[in-house]
Amino acid sequence: MKKTYSIKEVADYFKLPISTIRYYDKKGLLPFVSKNEAGYRVFSESDFGFIKTICCLKDTGMPIKDIQTYIELCMQGTRTIDQRKEMLQQHKQNVIKEQQLLAESLQEINTKIKRYDSKDSQTIIGAQIKFVKDEKRDLHLKDPFI
């Protein structure tokens, strides 16, 4: 038997605030969602796939405006497959770049943690502070340390 879902059930399933789902609807991201006689949103199983995609695109940094365009293309059927594919390929490249930046940042964080874990951390950090103080002094700049 087919089942419908309330906005609360959908919010719980996707771990989203109800207000976020309403916001997505207001921004035109949920044109596939029906409303009942009382005017309440009623979600079907097929809506979950679209919402999962919306969450994925949002979580990976796609702007709402672009998600809206993507969903509009989806609603136009098979004739927009190439446009959708192109959008997703471009977004994929953006995600890969972001992953690379995050990997570099994570490496820097790990370097700092390793330094702080070192038995020589006091000496290493002390030498870095001395370097900064000497550089600022030589450049006639304010000492940034307390």
Side-chain angles (χ1 to χ4, degrees), residues 3-35 40-146:
K3 178 177 176 4
T4 59
Y5 301 87
S6 69
I7 193 169
K8 179 172 180 359
E9 290 171 313
V10 172
D12 289 345
Y13 182 85
F14 287 100
K15 298 177 178 68
L16 293 171
I18 291 173
S19 60
T20 297
I21 296 173
R22 288 185 178 125
Y23 174 76
Y24 288 170
D25 193 21
K26 181 179 174 186
K27 290 295 184 179
L29 303 184
L30 308 178
F32 47 85
V33 174
S34 301
K35 292 191 177 179
Y40 293 110
R41 293 168 191 86
V42 178
F43 298 82
S44 66
E45 298 262 343
S46 63
D47 296 339
F48 280 59
F50 281 115
I51 295 169
K52 180 179 179 183
T53 299
I54 291 166
C55 291
C56 168
L57 296 174
K58 181 73 176 103
D59 290 345
T60 55
M62 183 181 275
I64 293 288
K65 176 181 65 97
D66 293 346
I67 298 172
Q68 180 184 23
T69 299
Y70 178 80
I71 294 297
E72 287 171 0
L73 290 170
C74 290
M75 296 299 103
Q76 293 175 35
T78 57
R79 65 188 170 97
T80 62
I81 287 173
D82 289 340
Q83 289 171 277
R84 289 184 264 162
K85 180 181 172 186
E86 186 178 319
M87 275 189 85
L88 292 179
Q89 286 175 328
Q90 179 58 53
H91 184 62
K92 177 182 174 181
Q93 291 307 309
N94 294 341
V95 170
I96 289 169
K97 286 178 191 173
E98 185 65 27
Q99 282 180 317
Q100 291 168 341
L101 288 172
L102 286 171
E104 291 170 11
S105 296
L106 183 58
Q107 185 175 350
E108 175 66 14
I109 290 167
N110 285 332
T111 298
K112 294 287 187 188
I113 291 171
K114 186 176 177 182
R115 187 173 297 142
Y116 298 147
D117 278 344
S118 167
K119 63 180 177 155
D120 299 324
S121 64
Q122 296 283 328
T123 303
I124 294 168
I125 303 304
Q128 290 175 329
I129 291 171
K130 182 183 179 326
F131 174 82
V132 172
K133 286 177 166 276
D134 290 347
E135 178 190 50
K136 298 291 184 178
R137 183 195 65 238
D138 293 346
L139 294 170
H140 307 290
L141 301 173
K142 183 178 178 268
D143 183 342
F145 296 97
I146 300 171

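For the single chain, residues carry numbers from 1 onward in sequence order.
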Decide if atom [atom1] of [X] counts as having more than 12 heavy atoms of other residues, nucleotides or ligands within a radius under 6.0 Å.
X    : atom1 : value
E86  : CD    : no
F145 : CZ    : yes
F48  : CZ    : yes
D82  : CG    : no
Q107 : CD    : no

Are [X] and [Y] packed together at the side-chain level, in the sense that at least one heavy-atom pair is separated by less than 4.5 angstrom?
X    : Y    : answer
Y116 : I124 : no
R137 : D143 : no
I81  : L73  : no
P63  : I67  : no
L106 : L102 : no
F43  : E9   : no
Y40  : K35  : no

Looking at every non-hydrogen atom in both residues, tell me the closest pair between [X] and [Y] and how far apart they are.
X    : Y    : answer
V42  : V33  : O-CG1, 3.7 Å
T20  : L16  : CG2-CD2, 4.3 Å
G77  : R84  : O-NH2, 2.7 Å
T80  : C74  : OG1-N, 4.2 Å
R115 : I125 : CD-CD1, 3.8 Å
P17  : A11  : C-CB, 4.3 Å

Closer than 3.5 angstrom, by distance alone: can the side chain of [X] be matched with the main-chain N or O of [Y] as a donor-acceptor pair?
X    : Y    : result
S105 : L101 : yes
T69  : K65  : yes
Q68  : K27  : yes
D47  : S44  : yes

How long is the straight-line distance from [atom2] of [Y] back to [atom1] of [X], given to the nearest 0.5 Å?
X    : Y    : atom1 : atom2 : value
I51  : C56  : CD1   : SG    : 14.0 Å
K97  : Q93  : NZ    : CD    : 7.0 Å
H91  : L57  : NE2   : CG    : 5.5 Å
K136 : D138 : NZ    : CG    : 11.5 Å
S19  : I7   : OG    : CD1   : 9.0 Å
L30  : I71  : CG    : CD1   : 8.0 Å

Original post:
Does one side chain, of Q90 or N94, offer a donor that lies under 3.5 Å from an acceptor on the other?
Top reply: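 Short answer, yes.
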Original post:
Using a distance-only test with no angle check, is there a side-chain donor-acceptor pair under 3.5 angstrom linking Y70 and Q83?
Top reply: no
**OP:** Any chance you could lay out the side-chain contact (heavy atoms from CB on, under 4.5 Å) test for L88 and K92, step after step, and finish with the verdict?
**Re:** CA-CA 6 Å; L88 292 179; K92 177 182 174 181; over 6 Å; no
**OP:** Could you please spell out the steps behind the side-chain contact (heavy atoms from CB on, under 4.5 Å) verdict for V95 and E98?
**Re:** CA-CA 5 Å; V95 170; E98 185 65 27; 5.5 Å; no
Subject >> Axial cation check for F50 ring with K52, 6.0 Å and 45° limits >> reply: no
Original post:
Given the rule in the side-chain contact (heavy atoms from CB on, under 4.5 Å) test, do I64 and Y24 qualify, once you have shown the distances and angles that lead to the verdict?
Top reply: CA-CA 8 Å; I64 293 288; Y24 288 170; 4.0 Å; yes
Subject >> Salt bridge present between D25 and R41 (N-O < 4.0 angstrom) >> reply: yes
